[in-house]
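Excluded from the calculations below are hydrogen atoms, water molecules and symmetry mates; all remaining heavy atoms, backbone and side chain alike, are included. Each residue takes its place number in the sequence, starting with 1.
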Amino acid sequence: MAMQRITLLGVPVDVCRPEDLEAEILEILARPGTKQIIFLSIWDLLKARSKRNDFGQCVKEADLILPVSKSILSGARFLKKEVPVRYNPFTATISILSVLDQHYKSLYLLGGRLKTLGQAERNVHQTFPNLQIVGRYVGYYQKNMENDIVQAIYKSSPSLALVSDGIREKNLWSYHRRNSFSNSIFLYYRDALGIFSDRIKRVSEKTFNKGHEIWIEIAHSPLKIFLVLPYIKYGILLVWYRLFRKDAR
């Protein structure tokens, strides 16, 4: 089954089965120019609806939009749309790196602190021996270093640039600089290098499958309890679209 793109509350979401992921990654790789894969949470979806920032355009132009929130699936089901597959960002990243490894592609690592980045690079190289790491640079860098980083990525032209913590603009970092690169896929995953370096413990599959990962984040940062407010807004929007929007389906 070919990948299908649906819209949920006006925001695009891709229906990509795990068995189709490899073919989709290879197809994206073959496209010219800068490409982007986005892990879309429910809060990202609501942010993408706003006309006050360019995140919505970033999502709209992304080559692959994989939902990571259980609520996105239930929302699609409620609006009687094709229900997408929910991806664990860690598992999906490993799957993407496996595809690149099998096809002898290249990788650039951007983000993290120096020790974290170094350990992550060693572990990635050990796990994916056919994946050529063509460059790396820490996050939290000084502004005057940015041109050098952009040039390094442009010259090395990695198949994938994996962007992690310490990059303030997150998904928008590559989007704002998309005309400065040649032919790479960009993927932002905040915890990637922390997990790869064994400095961050990843969420268990059991917790993720139940949709309880948000409670772990709240335990680490209690102020995130206020994320329940946009969740309520999401429910109201779904009902409004179901009742009044002719284009909801």
Side-chain angles (χ1 to χ4, degrees), residues 1-7 10-40 44-45 48 53-68 84-85 87 89 92-111 121 124-125 128 130-137 139 145-164 167-190 192-193:
M1 178 181 176
M3 189 188 77
Q4 178 183 352
R5 177 160 290 190
I6 64 171
T7 58
V11 177
V13 181
D14 287 327
V15 181
C16 181
R17 310 299 172 190
E19 59 270 22
D20 298 326
L21 184 60
E22 178 176 4
E24 188 60 33
I25 296 300
L26 294 177
E27 182 180 331
I28 293 172
L29 274 171
R31 298 172 192 166
T34 302
K35 287 87 65 172
Q36 188 166 16
I37 298 173
I38 289 180
F39 293 139
L40 191 75
D44 290 332
L45 186 147
N53 59 67
D54 53 3
F55 182 67
Q57 194 63 28
C58 171
V59 173
K60 183 178 179 180
E61 295 181 16
D63 296 83
L64 184 60
I65 307 162
L66 300 177
V68 299
V85 175
Y87 280 85
T93 301
I94 292 297
S95 296
I96 292 168
L97 292 178
S98 295
V99 171
L100 299 178
D101 181 65
Q102 292 167 17
H103 293 272
Y104 297 88
K105 300 300 182 179
S106 58
L107 175 69
Y108 192 102
L109 301 173
L110 177 61
E121 180 183 358
V124 168
H125 179 71
F128 305 100
N130 299 322
L131 184 59
Q132 183 184 7
I133 300 178
V134 294
R136 80 288 302 154
Y137 203 88
M145 294 303 299
E146 184 163 282
N147 286 339
D148 292 340
I149 296 170
V150 171
Q151 280 298 309
I153 297 175
Y154 170 77
K155 290 178 180 178
S156 60
S157 189
S159 304
L160 175 71
L162 181 59
V163 183
S164 190
I167 304 303
R168 184 176 298 178
E169 293 177 78
K170 303 178 182 180
N171 281 298
L172 286 173
W173 189 88
S174 59
Y175 179 73
H176 286 154
R177 297 157 183 81
R178 60 194 181 279
N179 295 326
S180 299
F181 306 113
S182 53
N183 190 30
S184 300
I185 300 174
F186 286 80
L187 170 63
Y188 173 76
Y189 174 29
R190 183 193 64 190
L193 298 180

- Which pair of non-hydrogen atoms, one from Leu26 and one from His103, has the smallest distance, and what is that distance? CD1-NE2, 3.6 Å
- Item | Closest non-hydrogen atom pair, Phe39 against Asp44 | O-OD2, 3.4 Å
- Query: Is the number of heavy atoms from other residues, nucleotides or ligands within 6.0 Å of CZ (Phe128) greater than 12?
  - Reply: yes
- Message: A quick test of your reading: do over 12 heavy atoms of other residues, nucleotides or ligands sit less than 6.0 Å from NE2 of His125?
- Response: no
Quick one: does any side-chain atom of [X] pair with a main-chain N or O of [Y] as donor and acceptor, under 3.5 Å?
X      : Y      : answer
Lys35  : Gly33  : yes
Ser106 : Ile133 : no
Ser184 : Pro158 : yes
Gln36  : Glu61  : no
Asp14  : Cys16  : no

- Applying side chain to side chain contact (heavy atoms under 4.5 Å, CB included), run through Leu172 and His176 and close with a yes or a no. CA-CA 6 Å; Leu172 286 173; His176 286 154; 3.8 Å; yes
- Task: Output, in order, the C-alpha distance, side-chain angles, deciding distance and verdict of side chain to side chain contact (heavy atoms under 4.5 Å, CB included) for Tyr175 and Glu169.
- Result: CA-CA 9 Å; Tyr175 179 73; Glu169 293 177 78; over 6 Å; no
- Item | Residues forming a side-chain contact (heavy atoms from CB on, under 4.5 Å) with Val85, sequence neighbours excluded | Arg17, Pro18, Tyr87
- Between Val59 and the options Val13, Val11, Leu45, the side chain to side chain contact (heavy atoms under 4.5 Å, CB included) test singles out Val11
- Task: Go through the steps for Arg177 and Glu146 under the test side chain to side chain contact (heavy atoms under 4.5 Å, CB included), then give the verdict.
- Result: CA-CA 11 Å; Arg177 297 157 183 81; Glu146 184 163 282; 3.0 Å; yes
- Query: Is the Phe186 ring parallel, tilted or perpendicular to the Trp173 ring (thresholds 30°, 60°)?
  - Reply: tilted
- Task: Taking the side chain as every heavy atom from C-beta outward, state whether Glu27 and Asp63 have any atom pair closer than 4.5 Å.
- Result: no
- Item | Minimum side-chain heavy-atom gap Cys58-Ile38 below 4.5 Å | yes
- Query: Hey, what do you get for OG (Ser95) to CD1 (Ile25), rounding to the nearest 0.5 Å?
  - Reply: 9.0 Å
- Item | Rounded distance [0.5 Å steps], CG in Leu100 versus CD in Glu22 | 10.0 Å
- Contacts of Ser157 meeting side-chain hydrogen bond (donor to acceptor under 3.5 Å, both in side chains) (sequence neighbours excluded), chain-then-number -> Ser182
- Task: With side chain to side chain contact (heavy atoms under 4.5 Å, CB included) as the test, would you mind laying out the steps for Leu162 and Leu107 before giving the verdict?
- Result: CA-CA 7 Å; Leu162 181 59; Leu107 175 69; 4.1 Å; yes
